[in-house]
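Heads up, the thing below is written out as structure tokens.
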Protein chains: 2
Amino acid sequence: MLTERQRSVLDFIQREQREKGITPSTREIQNHFRFASQTSVMQYIATLERKGFLNRHARKARALITPAMKVRITDIPIYGQIPAGMSTLTEQSIEGHVSLDMRSANVLKNRGTFALRVRGDSMIDAHILDGDIVILEDTKELHNGDIVAALIDGETSLKRYVVEHGRPYLKAENPRYPDLVPARELKIQGVVVSLIRKQERRRRQ
Amino acid sequence: MLTERQRSVLDFIQREQREKGITPSTREIQNHFRFASQTSVMQYIATLERKGFLNRHARKARALITPAMKVRITDIPIYGQIPAGMSTLTEQSIEGHVSLDMRSANVLKNRGTFALRVRGDSMIDAHILDGDIVILEDTKELHNGDIVAALIDGETSLKRYVVEHGRPYLKAENPRYPDLVPARELKIQGVVVSLIRKQERRRRQ
DNA sequence: AAGTATTATGTTCAAAGGAACATAATCACT
DNA sequence: AGTGATTATGTTCCTTTGAACATAATACTT
């Protein structure tokens, strides 16, 4: 699809975007490849655009857009512990951020998405482990079987939301943990939509 | 830290970066806020830079860098099936991409990182499920207990790499699957460093 | 009332940067 | 030998864009 030279120009553009944060100008590309003429760059850009590897805003400076930038990345805050209330998602309690594309994060909207670091093994039978990052959405729609973050005794806890005989309760996915049956005044903070795990690797053994 | 007006300027810059793919020029910012003078924008930018909310390349066009862009996002290709050989990671077999920040992805380098969609439940006891995306690194260092993608009978398969009595073998994390004992000529394609799961949610019940 | 940060205007300048045109060498393929 | 795509040069033009300077109205604090 692309010639070797065309590929290297595209690579350079993307590398600069990643490393410097800005798109190179045509003259910067020219200098990097030691072209005697800037027109060479214009031709490469035109070709890359024609072949669909590049988009651009005509007549604007540094306005090349590569597919890598097109994916909508969302920035999800990770909370150590969500303070009671949930309306007060203060910046203070943010432990970090995950940035990933919306499709992989399984989120649709930008608002009301947050993440928690899982503590303990109460959801181990749902294959959610201690240390996992779960991404949650603050949604109204709650379905039977959803895994939710709920506020119980002032602490945020991950449980499965189950409706049986018309009555909802919160179920831990570990036989060693009790269910929370009369789930009155449920403070559901969010529904788990996806999960990120850093795989442990033992060094030397 | 920031005044309301300063915040809204920063928000506008970041929103444009996300939605259009390019940083707005000072005059574009000016028009958006209906400033009669472009100098107002220059003052906001200077303030935002002084307060550390913005970086910029002086005297370059559209060269504002916001913290949101600073996180190193890596673009990881997802392969449906890795073709035998591994040296031929052709674009054809790419099923999609995951984009996430390198820290969350648990990767250090940019090269030799790829992802696979997990098929089957042979790793269920390691809490890796059918449909999960596993991110792998093509590394030389292989430790006892690592979960690896290996080429077995022309198919890529996820197994745990175990060394017992000095002999390595590949172990499935599901009693219903056999271990692959005499692991001679092991074609290890990569080591699992992280995992992304889209949580299933049943609609209506 | 004085001092200072913030927000705003009006104007001018020079550099940065995209675009176009004519021309030509090289290579692959027929 | 002829055709076309790719790669390359040299030059010119003009818009875009960042930067600077002088000035001033608010707003907040002391």
Side-chain angles (χ1 to χ4, degrees), chain A residues 1-67 69-70, chain B residues 1-70 91:
Chain A
M1 198 72 163
L2 286 183
T3 66
E4 198 179 330
R5 203 79 168 128
Q6 288 164 0
R7 163 65 56 188
S8 71
V9 171
L10 181 61
D11 282 350
F12 175 70
I13 294 169
Q14 292 183 324
R15 182 151 25 90
E16 288 287 299
Q17 286 175 336
R18 267 215 283 257
E19 293 179 3
K20 302 235 172 83
I22 60 169
T23 297
S25 71
T26 54
R27 280 173 180 82
E28 284 171 357
I29 301 171
Q30 177 193 354
N31 290 335
H32 177 263
F33 287 99
R34 306 222 189 286
F35 290 139
S37 169
Q38 177 223 4
T39 310
S40 299
V41 179
M42 296 302 286
Q43 284 170 127
Y44 279 113
I45 291 174
T47 305
L48 288 170
E49 193 181 20
R50 176 168 46 80
K51 293 189 177 178
F53 287 84
L54 209 65
N55 270 44
R56 64 175 158 169
H57 295 265
R59 280 162 208 288
K60 287 184 180 170
R62 300 173 185 275
L64 303 177
I65 301 166
T66 59
M69 304 178 61
K70 279 284 258 309
Chain B
M1 198 74 164
L2 286 184
T3 67
E4 199 179 328
R5 203 80 168 126
Q6 288 164 359
R7 162 65 57 189
S8 71
V9 171
L10 181 60
D11 282 349
F12 174 70
I13 293 170
Q14 292 183 323
R15 182 151 25 92
E16 288 286 298
Q17 286 175 335
R18 266 217 283 258
E19 294 180 3
K20 302 235 172 81
I22 60 169
T23 297
S25 70
T26 54
R27 278 170 183 82
E28 284 170 359
I29 301 171
Q30 178 193 353
N31 291 334
H32 178 262
F33 288 98
R34 305 225 188 285
F35 290 140
S37 171
Q38 177 222 2
T39 310
S40 300
V41 179
M42 295 301 286
Q43 284 169 126
Y44 279 114
I45 290 173
T47 306
L48 289 170
E49 192 182 19
R50 176 168 46 80
K51 294 190 177 177
F53 288 85
L54 209 64
N55 270 44
R56 64 174 157 167
H57 295 264
R59 281 161 207 288
K60 286 187 179 168
R62 300 173 184 273
L64 304 177
I65 300 166
T66 60
M69 303 177 62
K70 279 283 253 317
E91 296 215 357

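Owing to the predicted nature of the structure, the values given are computational and were not obtained by experimental measurement.
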Requested in this report: Please determine if a side-chain N or O atom of B/Lys51 lies less than 4.0 Å away from the OP1 or OP2 oxygen of C/dA5.
Outcome: no
Query - Ring centroid separation A/Phe12 to A/Phe33 under 6.0 Å - result: yes
Query raised in the report: OP1, OP2 of C/dG17 versus side-chain N and O of A/Ser25: anything below 4.0 Å?
Result: yes
Query raised in the report: Any side-chain N or O of B/Arg59 less than 4.0 Å from the OP1 or OP2 oxygen of C/dG17?
Result: no
**Report entry** Spacing of A/Arg56 atom CZ relative to D/dT16 atom P, expressed in whole Å
**Finding:** 15 Å
Query raised in the report: Among D/dT9, C/dG10, D/dT17, which is the nearest nucleotide to the side chain of B/Ala61?
Result: D/dT17
Report task. Could you please name the option among D/dT9, D/dT16, C/dA8 that lies closest to any side-chain atom of B/Phe35? Result -> C/dA8
Query raised in the report: Hey, does the side-chain of A/Thr39 have a donor or acceptor N/O within less than 3.5 Å of a partner on the base of C/dA19?
Result: no
Query raised in the report: Has the side chain of A/Arg27 got a donor or acceptor atom sitting under 3.5 Å from an opposite partner on the base of C/dG18?
Result: yes
Query raised in the report: Is any side-chain N or O of A/Arg62 closer than 4.0 Å to OP1 or OP2 of D/dT16?
Result: no
Report summary line: Taken to the nearest whole Å, NE2/B/His57 to C1'/C/dA16 is 15 Å
Query raised in the report: Within the structure shown, what part of the strands sits under 4.0 Å from A/Thr3 by heavy-atom distance: base, sugar-phosphate, or nothing?
Result: sugar-phosphate
Query - Whole-Å gap separating P (D/dT15) and NZ (A/Lys60) - result: 17 Å
**Report entry** Donor/acceptor link under 3.5 angstrom from B/Gln38 side chain onto base of D/dG18
**Finding:** yes
Query raised in the report: Checking A/Arg62 side chain against B/Ala61 main chain: does a donor-acceptor pair fall under 3.5 Å?
Result: yes
Query raised in the report: Nearest-Å distance, CD1 (A/Ile45) to P (D/dT7)?
Result: 14 Å
Report task. Indicate, yes or no, whether a donor-acceptor pair under 3.5 Å links the base of C/dG18 to the side chain of A/Thr26. Result -> no
Query raised in the report: Is the closest basic N to carboxylate O distance between B/Glu16 and B/Lys20 below 4.0 Å?
Result: yes
Query raised in the report: NA contact type, A/Gln6, heavy-atom cut-off 4.0 Å: base, sugar-phosphate, or nothing?
Result: sugar-phosphate
Requested in this report: For A/Gln43 and for A/Pro24, find the nucleotide of DNA chain C with the closest heavy atom, then tell me which residue's nucleotide is more 5'.
Outcome: A/Pro24
Query raised in the report: When you check the phosphate oxygens OP1 and OP2 of D/dT6, does a side-chain N or O of A/Tyr44 lie under 4.0 Å from one of them?
Result: no
Query raised in the report: Does B/Ser37 or A/Arg34 map to a spot on DNA chain D nearer the 5' end, using the closest nucleotide for each?
Result: A/Arg34
Query raised in the report: B/Thr47 side chain N/O closer than 4.0 Å to the phosphate oxygens (OP1, OP2) of C/dA5?
Result: no
Query raised in the report: Given atom CD of A/Glu28 and atom C1' of D/dT17, what is their separation to the nearest angstrom?
Result: 14 Å
Requested in this report: Report the distance from atom CE of A/Met42 to atom C1' of D/dA8, rounded to the nearest whole Å.
Outcome: 15 Å
Query raised in the report: For the residue pair B/Gln6 and B/Leu48, what are the closest heavy atoms and their distance?
Result: O-CD2, 4.0 Å
Report summary line: Whole-Å distance, A/Ile13 CD1 to C/dG18 P, equals 11 Å
Query - Beyond-backbone contact of B/Arg27 with B/Gln30, side-chain heavy atoms, under 4.5 angstrom - result: yes
Query raised in the report: What's the CD1-P distance between A/Ile29 and C/dA16, to the nearest Å?
Result: 17 Å
**Report entry** Side chains of B/Arg7 and B/Leu10 in contact at under 4.5 Å (non-hydrogen atoms)
**Finding:** yes
